[in-house]
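To start, the structure under review is shown below, and the notes come after it.
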Amino acid sequence: MASAHIWTLGILFTLSGLRAQSVTQPEDEVPVAEGDPVTVKCTYSVSGSPYLSWYVQHPNQGLQFLLKYITGDPLVKGNYGFEAEFNKSQTSFHLKKPSVLGSDSAVYFCAVSD
Ligand SMILES: *[C@@H]1O[C@H](CO)[C@@H](O)[C@H](O)[C@H]1NC(C)=O
């Protein structure tokens with residue numbers, strides 16, 4: 001069966017430079033069979049209200065925006081069939097897709113700012 005490889009990296013946008021904030025993506029690589037669901041984990045640490053987003057970088061391409069959470073509905077639907085759910089009590093913003101394509105093989109970036 002064909003498979004997709006999902007790589008992850010945490011990146012951080014610091015606006016104030018003073019507050020402690022970071023994102024953690026606990027898994028470096030998430031192998032998944034084509035057609036299967038995938039969850040790419042991201043937990044954040046930020047004082048104040050976080051502004052969270054996901055980006056993707058395909059091989060030999062630039063960074064592409066997937067989705068962002070600012071306020072309101074915690075379930076955010078984004079590009080390419082991805083969605084992410086903001087969970088304040090878990091301080092998480094996991095990226096999900098119900099059925100992965102081979103072309104989803106890429107590096108995924110979780111980003112936080114305040
Ligand atoms: C946050 O995650 C916890 C543990 O998975 C879950 O019980 C809770 O319902 C989630 N809250 C929201 C708002 O999704």
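What you see is a predicted model; the values in this text were computed from it and never measured. Counting starts at 1 for both ligands and their atoms, following the listed order. Values reported hereafter were calculated over all heavy atoms of this structure, with side chains retained and with hydrogens, waters and symmetry mates removed.
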Find out whether V100 and D36 are in side-chain contact, i.e. whether some heavy atom of one side chain is under 4.5 Å from a heavy atom of the other. no

Under 4.0 Å between a side-chain nitrogen and a carboxylate oxygen: does that hold for K77 and E83? yes

My question is simple, although I want it checked carefully: is atom 14 (O) of ligand 1 less than 4.0 angstrom from any protein heavy atom? yes

For residues 88-95, run the donor-acceptor check on the side chains, cut-off 3.5 Å, and write out each pair with its distance to 0.1 Å, sequence neighbours left out.
from, atom 1, to, atom 2, distance (Å)
S89, OG, N87, OD1, 2.9
H94, ND1, C42, N, 3.0
H94, ND1, C42, O, 3.4

Any protein heavy atom sitting closer than 4.0 Å to atom 2 (O) of ligand 1? yes

With a 3.5 Å cut-off and sequence neighbours excluded, list the donor-acceptor pairs that the side chains of residues 56-71 form with protein atoms.
from, atom 1, to, atom 2, distance (Å)
Q57, NE2, Q61, O, 2.8
H58, ND1, Q64, OE1, 3.4
H58, NE2, S103, O, 3.2
Q64, NE2, Y80, OH, 2.8

among protein heavy atoms, the one nearest atom 10 (C) of ligand 1 is N87 ND2, 2.4 Å

